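Okay, structure first, notes after.
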Amino acid sequence: MASKSAAKKLMEKAGVPLVPGYHGDKQDLAFLQREADHIGYPLLIKASAGGGGKGMRIVTERDAFAEALASCKREAAASFGDDRVLLERYLRRPRHIEIQVFADTHGDCVHLFERDCSVQRRHQKVLEEAPAPGMTSERRSAMGLTAVAAAQAIGYVGAGTVEFIADQSGTFHFMEMNTRLQVEHPVTEMITGQDLVEWQLRVSAGEPLPLRQSALTIDGHALEARIYAEDPERDFLPAIGTIAHLATPAERPHVRIDTGVRAGDAITPYYDPMIAKLIVWGPDRSATLARMRAALAEFQVAGLTTNVEFLARLVGSRAFVEADLDTGLIERSRAELFPPLEPASDEVLALAALSELLRFQEEARRHAVASGDPHSPWGDCDGWRLNEDNHHVLVFREGERETAVTVHYRRDGYEFELPQGRYTLSGEQRDGSVRACLDGRAVAARVVRVGRTLAVFRGTDRHMLGLHDASLDELDADTGGGGLTAPMPGKIIAVLVEAGARVERGAPLLILEAMKMEHTIKAPSAGTVREILYREGEQVVEGAELLAFERS
């Protein structure tokens, strides 16, 4: 079953319906070209040993076949050590529906119903749900019996998933079998009330299956969203870096989070960039979608780019809400799923500015206490100006847009000049949560500072605001905020100091090569290089600490 081609040969003998195509061993270009012409276009080239969308291409015309084949073979060889491919007729607007099967050593096999995994990007799943919308009891029974027959044809034992491709009329064809529990198995657990990991352990210990087919039932609806470190705006390219902040919804009976990372962990280029799985259950599909939207609004990640905002738009999109599903849903809903960036509202800008002012005050207070004159007026943060109103200007950048926020200091708080007007403001910050009174209205957000970027989370309203402020640059240099971490993934090409060296502010410490450009890491203040953490030639991930540095 690890070979898609071998699996299809077995399934063909067992009478399991297949998508028309070629899945033999002969792999030379001329032969495969003839087979492709016979199958017709569009067709799908798939790596025989593949998975996860790697080594897969859609070919729409004959002239594009050779180049697509070469690309698939290269990717398959690099990913799986096997460059063999198979060819299939490409179904238009197909749905990806899979059946969870379970077999024991006593000859019994059952199915635990279906999952719809049609919503995909780059041929990889992003949302999965159970049961499949629009599934009739007759078709469910037919697909379930076919999946059980496939498992029994190979004498299978344990948990497995038989994957089918179906057209919009419901006609289904075998694609492959995954001989394991899959990423999306929690939605099956949610609707059946069964612990499939426990089933695995019992079956492997030689016990019979815990339940017969007739005892298995569906209760409600479940949906899983895969939280990835990736950039939807850049064709879902994986993102790497360090998780500076991670807050997830509170787990409760109908909300589950599966994850293996925490704040401070690095997402590297060497593994799949999945951060977590978010799974919710509801009594019906509409209740489940509402619960998922609420849970995504609580999911916060800062430090790298993720798909959380995209998932929130996807779950609320017209096509998905109406269950108009196929593997091309994301592409055909592009206008709705990739709207123009909305500028940060006055509330978001005010909360970001207030967070920075309060941080500024706290850092200045600590600096004053540590100085020889803690009562010096130079330690005050009251925006004092000679011969003019006391004020402070913060400049935020989001994308190509820059916005200046002017803060006037008042006896009982602040007065803010924002793009849409002038407001009075007062508030506090605790553990990253900023609560304020803006012209008599209560507003709140979580604000996380990552380098010189403020990540502002207000439900589904999320903004990454770059901060540009010369006076705060000075503060960072004096109080420990800034810069001995890698600004992006790259390679150390020069280390310019030795451990133990005393340096002045601005002294070059090392050079990082990234994106074919050199970036010099400089001392943020006078101090001592305590330890050099990377050698020349070593690769580093974004956010990696490069030097241990002690300020004077």
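Reckoned from all heavy atoms, side chains included, excluding hydrogens, waters and symmetry mates. Just so it is clear, the model here is predicted, and its values are computed rather than measured.
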With salt bridge (Lys or Arg N to Asp or Glu O under 4.0 Å) as the test, would you mind laying out the steps for Arg252 and Glu298 before giving the verdict?
CA-CA 13 Å; Arg252 38 199 184 271; Glu298 298 178 50; 3.6 Å; yes
Interatomic distance, CD@Glu531 vs CD@Glu545, rounded to 0.5 Å, equals 8.5 Å
Got a salt bridge between Arg121 and Glu230, using NZ or NE/NH1/NH2 to carboxylate O under 4.0 Å?
yes
So CG of Leu278 and CG of Leu127: to nearest 0.5 Å the spacing works out to 10.0 Å
At what distance, to the nearest 0.5 angstrom, does CG of Leu314 lie from CG of Leu296?
9.5 Å
Quick check: does any side chain N or O of Arg462 sit under 3.5 Å from a backbone N or O of Ala297, one acting as donor and the other as acceptor?
yes
Are the side chains of Val395 and Leu467 in touch, meaning some heavy atoms are under 4.5 Å apart?
no
Specify the closest pair of heavy atoms between Ser355 and Val434, including all atoms of both residues, with the distance to one decimal.
CB-CG2, 3.7 Å
Give, for atom OG1 of Thr327 and atom CD of Gln124, the distance between the pair rounded to the nearest 0.5 Å.
13.5 Å
For Arg446 against Ser433, the heavy-atom pair lying closest together:
NH2-OG, 3.7 Å
Could you please spell out the steps behind the side-chain hydrogen bond (donor to acceptor under 3.5 Å, both in side chains) verdict for Glu336 and Ser317?
CA-CA 7 Å; Glu336 183 180 2; Ser317 66; 4.9 Å; no
Shortest non-hydrogen contact between Arg115 and Thr161, atoms and distance
NH2-OG1, 3.2 Å
Flag this pair as yes if the NZ/CZ of Arg334 is under 6.0 angstrom from the six-membered ring centre of Phe338 and inside a 45 degree cone about the axis; otherwise no.
yes
Beyond-backbone contact of Leu496 with Ile511, side-chain heavy atoms, under 4.5 angstrom
yes
Electrostatic pair Glu538:Arg535 at N-O distance under 4.0 angstrom
yes
Glu75 side chain vs Gly55 backbone, donor-acceptor pair below 3.5 Å
yes
Whether over 12 other heavy atoms sit under 6.0 Å from Glu498 CD
no
With a 4.0 Å cut-off on N to O distance, would you call Glu184 and Lys277 a salt bridge?
no
Residue Arg332 excluded, over 12 heavy atoms near CZ under 6.0 Å
yes
Within the 3.5 Å criterion, strictly below it, is a donor on Arg505 or Ser525 matched to an acceptor on the partner's side chain?
no
In Å, rounded to the nearest 0.5 Å, how long is the span from CE of Met274 to OG1 of Thr306?
13.5 Å
Is any side-chain heavy atom of Glu129 closer than 4.5 Å to one of Val119?
no
Residues Arg441, Glu347; criterion salt bridge (Lys or Arg N to Asp or Glu O under 4.0 Å); working and verdict
CA-CA 10 Å; Arg441 292 183 294 110; Glu347 288 84 356; 3.3 Å; yes
side-chain hydrogen bond (donor to acceptor under 3.5 Å, both in side chains) evaluation trace for Thr528 with Arg502:
CA-CA 4 Å; Thr528 302; Arg502 287 189 53 79; 3.3 Å; yes
If only atom types and distance count, is the side chain of Lys491 paired as donor or acceptor with the main-chain N or O of Gly537 below 3.5 Å?
no
Val497 versus Val503: any side-chain heavy-atom pair under 4.5 Å?
yes
When you check the gap from the basic side-chain N to the acidic O, do Glu362 and Arg430 get nearer than 4.0 Å?
no
Checking Asp346 side chain against Gln420 main chain: does a donor-acceptor pair fall under 3.5 Å?
yes
Would the distance check show the side chain of Asn307 and the main-chain N or O of Phe310 forming a donor-acceptor pair, the cut-off being under 3.5 Å?
no
Tell me the closest heavy-atom pair linking Leu351 and Ala445, and the distance in Å.
CD1-CB, 3.6 Å
Would you say that more than 12 heavy atoms from the other residues, nucleotides or ligands in this model lie under 6.0 Å from the CD of Glu504, or not?
no
Under 3.5 Å, side chain of Thr288 to main-chain N/O of Leu223, donor-acceptor pair present?
no
Side-chain donor or acceptor of Gln120 paired with backbone N/O of Cys117 under 3.5 Å:
yes
Check this for me: does any side-chain nitrogen of one of Arg422 and Glu417 sit under 4.0 Å from a carboxylate oxygen of the other?
yes
Indicate whether any N or O donor in one side chain lies under 3.5 Å from an N or O acceptor in the other, for Glu163 and Gln182.
yes
Can you name the nearest heavy-atom pair linking Val495 to Tyr534, along with the distance?
CG2-O, 4.0 Å
Could you go through Lys46 and Glu176, starting from their C-alpha distance and side-chain angles, then the distance that decides it, and tell me whether this counts as salt bridge (Lys or Arg N to Asp or Glu O under 4.0 Å)?
CA-CA 11 Å; Lys46 298 170 71 172; Glu176 61 183 329; 5.2 Å; no
Between Asp265 and Arg262, is there a donor-acceptor pair closer than 3.5 Å when you use the side chain of the first and the backbone of the second?
yes
Quick check: do Val456 and Phe396 have side-chain heavy atoms less than 4.5 Å from each other?
no
With salt bridge (Lys or Arg N to Asp or Glu O under 4.0 Å) as the test, would you mind laying out the steps for Arg410 and Glu415 before giving the verdict?
CA-CA 7 Å; Arg410 301 295 182 243; Glu415 186 176 355; 3.2 Å; yes
Check whether any side-chain N or O of Asn178 sits under 3.5 Å from a backbone N or O of Arg180 as a donor-acceptor pair, and report yes or no.
no
For a quick test of reading the model, state the closest non-hydrogen atom pair linking Gly241 to Leu304 and the distance between them.
O-CD2, 3.5 Å
Do Thr403 and Pro343 come within less than 4.5 Å of each other through their side chains, counting heavy atoms only?
no
Determine, for Arg256 against Glu189, whether the closest basic-nitrogen to carboxylate-oxygen distance falls under 4.0 angstrom.
yes
Set out, in order, the CA-CA distance, both residues' side-chain angles and the distance that settles side chain to side chain contact (heavy atoms under 4.5 Å, CB included) for Ile58 and His123, then state yes or no.
CA-CA 10 Å; Ile58 298 169; His123 305 296; 3.9 Å; yes
Asp439 and Thr424: CA distance, side-chain angles, deciding distance, side-chain hydrogen bond (donor to acceptor under 3.5 Å, both in side chains) verdict:
CA-CA 5 Å; Asp439 270 3; Thr424 59; 3.0 Å; yes
Side chains of Leu547 and Leu533, heavy atoms from C-beta outward: is any pair under 4.5 Å?
no
When you measure from the side chain of Ser71 to the backbone of Glu67, do you find a donor-acceptor pair of N or O atoms at a distance under 3.5 Å?
no
Checking side chain to side chain contact (heavy atoms under 4.5 Å, CB included) for the pair Phe320/Leu289: CA distance, chi angles, key distance, verdict?
CA-CA 9 Å; Phe320 190 74; Leu289 297 191; 3.5 Å; yes
Check: Tyr423 and Tyr414 side chains under 4.5 Å, non-hydrogen atoms:
no
Check the pair His245 / Phe457 against ring pair (Phe, Tyr, Trp, His ring centres under 6.0 Å), numbers first and verdict last.
CA-CA 11 Å; His245 166 74; Phe457 300 95; 5.8 Å; yes
Could you measure the distance from the CD atom of Glu402 to the CG atom of Leu465? Nearest 0.5 Å is fine.
12.0 Å
